[in-house]
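Any value given below was found using the heavy atoms of this structure, including those in side chains, with hydrogens, waters and symmetry copies removed. Protein chains get the first letters and strands the later ones, always in sequence-line order, with residue 1 at the start of each.
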Number of protein chains: 2
Amino acid sequence: MVTTAGPRRPSTLAPVTGAVESRQERKRRTRQSLLDAALRLLADSSLAGLSLREVTREAGIVPTAFYRHFASMDELGVALAEESMRTLRTMLRDARQKPADDAIKGSVATLVAQVRKHEPHFRFLVRERYGGAAEVRRAIAAELRLLGSELATDLGRFPGMATWSSDDLRMAADLMVGAMLSIVMALLDVGDHPDDLAQVIGVAERQLRMIALGMAHWHPR
Amino acid sequence: MVTTAGPRRPSTLAPVTGAVESRQERKRRTRQSLLDAALRLLADSSLAGLSLREVTREAGIVPTAFYRHFASMDELGVALAEESMRTLRTMLRDARQKPADDAIKGSVATLVAQVRKHEPHFRFLVRERYGGAAEVRRAIAAELRLLGSELATDLGRFPGMATWSSDDLRMAADLMVGAMLSIVMALLDVGDHPDDLAQVIGVAERQLRMIALGMAHWHPR
DNA sequence: CTTTTCAGTGTACGCACGTTCACTCAACAT
DNA sequence: ATGTTGAGTGAACGTGCGTACACTGAAAAG
């Protein structure tokens, strides 16, 4: 018994400060607690295997209140996809601004750090990218395409690649995004043993280096 | 009303020939019809969103008979994973024995043909590789690792790569497998418009070519 | 000070699910 | 011939689900 039959104040956990909350602020917080609850539960199963009731139970509200925030679980899935992609994009933006001593080693290191830090988000993205409902997949695919565009633009600024066609830039960017996602998957699968992690990192670095080598010798058309 | 209250002969569709069937042959056929039914239904949803009753309904048997073949849906999922990987491995084996005029163009062409031919199998693999239950994921991952090993061995036979470390061979093979799977995903997502398909094929060929270029200039350690 | 709004509550429903159990009856072993 | 085996049947169960509905009471609007 955690909540002692908490009477009329809505049962969502009280705000950190004891101060009163505006109505929309409270709503936003409850919505977020639904997203957080879902993300927590998604460590164990996929969105398809998650019930509305489970999520509301975990979030600490009654099932019917769910509809005040989302029309369906799929809609919650789309919201989660957007939240997760925001995480991913922020990460890439930060990585881009960093000085690049060894760009590849650095990129992999940031990737590893971010995956560890936002593991549930990445797990969700990887799980639902192809396994999820149509709308969720579409939301993720759209964001991923956007991400490819950004990277392509970036690549075009590199000295040797200024003359590349936008088509080729796009192709190379997609190849790198794909490789990055493969690495993310491997990172999520890796066990607790630190040797495994080092192994995955080493392979990732060499794979990216191989792609970079291919790019360096590419004859753009 | 399709079956007119079919009396005592078990309701699974009669064998093509009217000949009598041995008991184990009939069991094998029913088991296969369960797998086929599941694969058919999996076009619309993931394994997690599929119920035991749905599958038996589609297969034309009663729910409880399911247990004569699998202990759970997850077990059926593992069987499906094995079946699908058999398809994939057969494909790669065939591709390997073909003469290679333009190896990359040829590989992509076979890939496209096979994906079209066995679309449900590939869709299942891609969907469940990360979205599925732990056991299913493990089954797929194990088969994929095996596939990487085979490819690594193959690569080692290429003239320029004889001196590569087995580690590097493995790394390169995994990179190619990953790229191949990305291409499969793209092929499954592609719409009916033939231009889209041509676009995907073009990108795939150039991506593989870029990786090959990287391999050609690799300095093995 | 009233009235309105609306996030969250509680009950109640019908439904599909997984699983149990006792059964039938053709194929197989003896 | 006779007995055993086991794939498929059919009825029944408990459970958790999504959703409808009428509600409450604090915040917002008047």
Task: Closest to side chain of A/V62, choosing from D/dT9, D/dG18, C/dG10 - done: C/dG10
Open item on the list: Nearest to the side chain of B/R53, heavy atoms from C-beta on, is which of C/dC17, C/dA12, C/dT9?
Closed with: C/dC17
Inspect the contact between [Y] and [X] and indicate whether a charged nitrogen and a carboxylate oxygen are less than 4.0 angstrom apart.
X	Y	answer
A/D167	B/R206	yes
A/E135	A/R138	no
B/E205	B/K105	yes
A/D36	A/R40	no

Just how far, in rounded Å, is [atom2] of [N] from [atom1] of [X]?
X	N	atom1	atom2	value
A/R23	D/dA29	CZ	C1'	10 Å
A/R26	D/dA28	CZ	P	11 Å
B/E25	C/dC28	CD	P	11 Å
B/K27	D/dA7	NZ	P	4 Å
B/Q24	D/dT5	CD	C1'	14 Å
A/E54	D/dG16	CD	C1'	10 Å
B/L41	C/dA16	CG	P	16 Å
B/R57	D/dT9	CZ	P	14 Å

Quick one: do the [X] and [Y] side chains pair a donor with an acceptor below 3.5 Å?
X	Y	result
A/R68	A/T30	no
B/T87	B/H118	no
B/Q114	B/E119	no

Task: Nearest-nucleotide comparison on DNA chain C, the residue closer to the 5′ end among A/R31 and B/S22 - done: A/R31
Task: Short side-chain N/O contact from A/T64 to OP1 or OP2 of D/dG18, under 4.0 Å - done: no
- [ ] Ignoring backbone atoms, establish whether B/S51 has a side-chain N or O less than 4.0 Å from OP1 or OP2 of C/dC17.
- [x] yes
Open item on the list: What residues from residues 66-78 of chain A pass a heavy-atom cutoff of under 4.0 Å to DNA chain C?
Closed with: A/R68, A/H69
